[in-house]
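Here the structure comes first, spelled out in structure tokens, and everything after it is commentary.
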Amino acid sequence: MPITTVGDRQIHVDDEGFLTEYSEWDDELAKLLAAQIDIQLSAEHWKAIHFLRDDFKAQGQTPTLRRVTVVGGVPTKDLFQLFPGKPAKKMAYIAGLPKPQGCV
Amino acid sequence: MKHLVVLGAGTAGTMVVNRLRKRLANDEWRITVVDQDDVHNYQPGFLFIPFGSYEPADVVRPRHTVIHDGVDLVFGTIDRVTTKESTVRLTDGREFSYDYLVIATGTSPRPDQTPGMLGELWRHSIYDFYTYDGAVSLANRLSDWKGGRLVVHIVDMPIKCPVAPLEFAFLADAFFHRLGMRDRVEICYVTPLSGAFTKPACSQVLGSMLADRNIALETDFAVERINVDDKTLVSYDERQVPFDLLVTVPLNMGADFIGRSGIGDDLNYVRVDKHTLLSTDCDNIFAIGDAANIPTSKAGSVAHFATETFVKNFLAHVAGQPMTASFDGHTNCYIESGDGKAVLIDFNYDTQPLPGRYPVPKLGPFRLLEETRVNHWGKLAFRWMYWNLLLPGRPVPVSAHMSMAGKTEIPTQPQEVSHAHHNGR
């Protein structure tokens with residue numbers, strides 16, 4: 001697994017830049033990751049990100065957009081405004097989780 | 001007497017009961033399989049119906065003719081599984097106690113989940129082809145369509161047979177060429193994915209096959225609703241795709257009783273261990289085929305390969321032994337590309353579809369990730385194999401586990417898929 005440097009942090013990532021070590025993540029790292037994709041984290045962003053972190057811990061996989069909406073309580077429409085274009089991947093990237101499984 | 005109850009007599013459920021009936025003694029095990037009706041559809045055949053190359057009768061047989069003797073076939077609608085009591089209740093009040101339960105109720109298109117889909121345009125300008133009725137009514141519509149803007153669309157993943165919408169687009173292109181009206185049809189492929197398919201090498205090949213056929217590709221499109229008045233797909237990020245004829249794959253969901261019984265995920269797929277297929281909630285429930293939440297394509301080939309693993313594990317599990325067989329996510333798909341050709345892909349949980357050759361005794365080898373006529377014949381031959389080998393549980397000359405034999409490894413390259421990758425700053 002490649003190691004990359006974000007800010008002054010060394011982190012383990014996969015080929016596409018998604019963090020591979022759950023424990024290397026904290027709020028500070030999230031801010032740095034978000035800045036990499038030009039997102040400044042607001043309270044709404046944090047609500048989604050923290051849901052992703054907690055849900056991954058409980059379920060063992062990155063939640064889908066549908067799950068963030070139905071279980072996490074953030075409307076899909078809002079997710080597209082908060083994380084434009086590719087919300088599922090952008091949320092997972094900032095939350096330091098594996099890329100969500102699409103179709104395989 | 002022990003009782004095995006199997007819910008669903010489709011591809012997976014039929015294979016399971018027929019194989020297990022041969023392996024479980026008649027005087028020790030009773031086997032019951034429940035389904036809603038007596039109609040077994042050869043679902044891969046639905047794809048060909050809209051273009052008139054299969055007749056409806058080619059894809060249908062009565063379920064009771066493909067279920068072996070010694071299995072009780074019960075017709076009814078499932079209301080709920082009560083896991084604490086190990087019982088299944090049907091909506092008409094009948095109840096079955098089980099020692100072991102196998103859930104094989106598949107996945108279904110749910111047009112009701114997208115606002116505007118079911119309404120005045122449904123089966124007039126909006127069609128699905130994943131149901132028998134949808135495929136037949138689409139055939140009628142295409143037979144006298146004068147042309148316009150055809151949009152082929154997927155609501156969300158996962159879906160049953162994820163390559164089928166691509167095949168539909170390729171076959172539509174060939175169909176309109178054959179009718180001499182391709183210049184009067186604009187074709188657009190709209191997907192929630194970031195490319196034609198997910199796995200990188202495969203997505204690239206299939207993406208360029210769309211481009212070669214002058215089929216426009218709209219990616220990362222998450223539909224919010226269908227605007228009925230101006231016949232437009234509208235996404236959550238306010239993009240609009242107009243259509244004259246929409247061929248959509250509605251949201252796919254597992255059976256509602258799975259949700260009600262508390263053993264499913266958000267889309268009503270049964271939570272199972274992806275290698276053993278045993279429920280993560282109950283030690284006497286397995287799920288197989290599309291009904292399980294394993295991260296594979298929802299496809300008949302997966303159900304087939306998984307059945308082989310499952311039978312070994314089931315026999316070990318009921319004998320109190322550890323389950324040693326491990327399903328690897330093996331998937332194998334023929335992708336029809338039009339004009340009598342097809343592409344073959346073969347992959348599993350860990351290995352993406354790769355180019356090369358796919359060896360099959362007598363029939364093969366088939367070329368992987370390339371359009372060939374032999375691959376097309378392989379796809380057509382599969383219908384015979386389905387009724388005559390797969391469902392009855394006879395040996396099929398294809399390994400349950402994916403093999404690297406004949407495949408060409410390609411170096412992994414960093415993808416720009418996420419738009420999020422910035423190397424070591």
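Letters go in sequence order (proteins before strands), and every chain restarts at 1. Everything numeric here is computed off the predicted structure, so don't read it as measured data.
For a residue to count as touching a neighbouring chain, one of its non-hydrogen atoms must lie under 4.5 Å from one of that chain's; by this rule B:I345 does not touch chain A.
A:K86 has a carboxylate O that lies under 4.0 Å from a charged side-chain N of B:D220, or vice versa, which qualifies the two as a salt bridge.
Rounding to the nearest 0.5 Å gives a distance of 11.0 Å between OH of B:Y236 and CG of A:D78. With rounding to the nearest 0.5 Å, the separation of CZ in A:R66 from CG in B:L267 is 5.0 Å.
For the pair A:Q61/B:P295, no side-chain contact is recorded, criterion being any heavy-atom separation below 4.5 Å from C-beta on. Put simply, the side chain of A:T76 does not reach to within 4.5 Å of the side chain of B:E224, judged on heavy atoms.
For CD of A:E21, the number of neighbouring non-hydrogen atoms (other residues, nucleotides, ligands) closer than 6.0 Å is greater than 12.
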Check step by step if side chain to side chain contact (heavy atoms under 4.5 Å, CB included) holds for B:E238 and A:Q81.
-> CA-CA 10 Å; B:E238 310 286 343; A:Q81 275 164 6; 5.6 Å; no
Trace of the salt bridge (charged side-chain N to carboxylate O under 4.0 Å, His left out) decision for A:R67 with B:D266 = CA-CA 7 Å; A:R67 189 168 169 85; B:D266 328 317; 2.4 Å; yes
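When every heavy atom of B:S194 is checked against every heavy atom of A:K89, the shortest pair comes out as OG-NZ, 2.5 Å.
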